[in-house]
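Only one structure is covered here, and it is reproduced in the block below.
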Amino acid sequence: MPRIAGVDIPANKRMVIALTYIYGIGKALSQKILKAVGIDENIRAKDLHEDQLSTLASYIEKNYTTEGALRRQETQNIALLRSLGCYRGYRHKVGLPVRGQRTRTNARTRKGRKKTVAGRKIERA
Amino acid sequence: MGRSVKKGPYVDAKLLEKVTKQKDTGNKEPIRTWARACTVIPDFVGHTFLIHNGKVFNKLFVTEDMVGHKLGEFSLTRIFRGHGGVKKKEIKPPGT
């Protein structure tokens with residue numbers, strides 16, 4: 001089980017898929033990386049040569065932020081918005097959608113599970 | 001979708017004029033403005049603005065981190081006073 005970008009251990013899947021197990025690498029980026037390093041997409045991670053692996057690892061490390069570093073960057077960006085006192089920071093603070101989505105319905109990802117308000121029906125009648 | 005790069009950021013012409021004038025005179029008085037759509041450019045840093053939110057003017061001292069945002073982002077137009085208060089209505093005696 002090879003290691004790339006810290007603790008990630010992509011298993012015996014095709015390389016395109018294996019790389020997406022790393023935080024910060026999706027399928028599109030995975031394809032791009034493999035093309036740049038010159039490794040076949042369909043090869044399995046276990047069949048890779050040792051130095052192929054090391055070039056892949058060093059290439060990713062040099063060109064992209066992944067895993068912990070990326071997570072840290074994200075939280076920093078949000079913290080900056082919060083401290084700025086701007087609209088986006090405010091939305092982060094109150095846990096509502098940041099990019100102008102509707103909140104009358106949906107928005108459950110940001111708002112969390114539904115909280116039923118008692119007595120609402122009576123009020124309407 | 002973002003604004004075309006060719007045009008550059010939208011900066012209110014009159015507001016920019018006022019800022020440059022302040023820069024020349026060294027005057028740091030707050031500038032009253034309605035130009036919420038105006039982008040904060042590096043020239044604005046260190047100046048104070050009073051940004052209209054439809055009702056009142058909110059004071060904003062521009063720092064370096066604010067560059068690239070719009071002025072309106074810093075002057076909220078809505079006040080959320082919280083949900084609830086349903087109970088109060090129920091307590092009210094009928095017929096009032």
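These numbers come from the heavy atoms of this one structure, side chains and all, not from hydrogens, waters or symmetry mates. In what follows, chains are A, B, ... by sequence order, proteins preceding strands, each numbered from 1.
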Query raised in the report: Does B:His69 reach the side chain of A:Leu81, with side-chain heavy atoms less than 4.5 Å apart?
Result: yes
**Report entry** Distance, nearest 0.5 Å, that separates CZ of B:Arg78 from OH of A:Tyr87
**Finding:** 7.0 Å
Query - Cluster link A:Leu34 to A:Tyr21, ILVMFWY, side chain under 4.5 Å - result: no
Query raised in the report: In terms of hydrophobic clustering (I, L, V, M, F, W, Y; side-chain heavy atoms under 4.5 Å; direct or indirect links), are A:Leu84 and A:Ile78 co-clustered?
Result: no
**Report entry** hydrophobic_cluster_shared for B:Val45 and B:Leu16, side chain cutoff 4.5 Å
**Finding:** yes
Requested in this report: Identify the heavy atoms of A:Cys86 and B:Phe74 that sit nearest to each other, and give their distance.
Outcome: CB-CE2, 3.3 Å
Report summary line: If one checks every heavy atom of A:Leu80 against chain B at 4.5 Å, the contacting part turns out to be side chain
Query raised in the report: Is there a chain of hydrophobic side chains (I, L, V, M, F, W, Y, each step under 4.5 Å between heavy atoms) that links B:Phe49 to B:Val11?
Result: yes
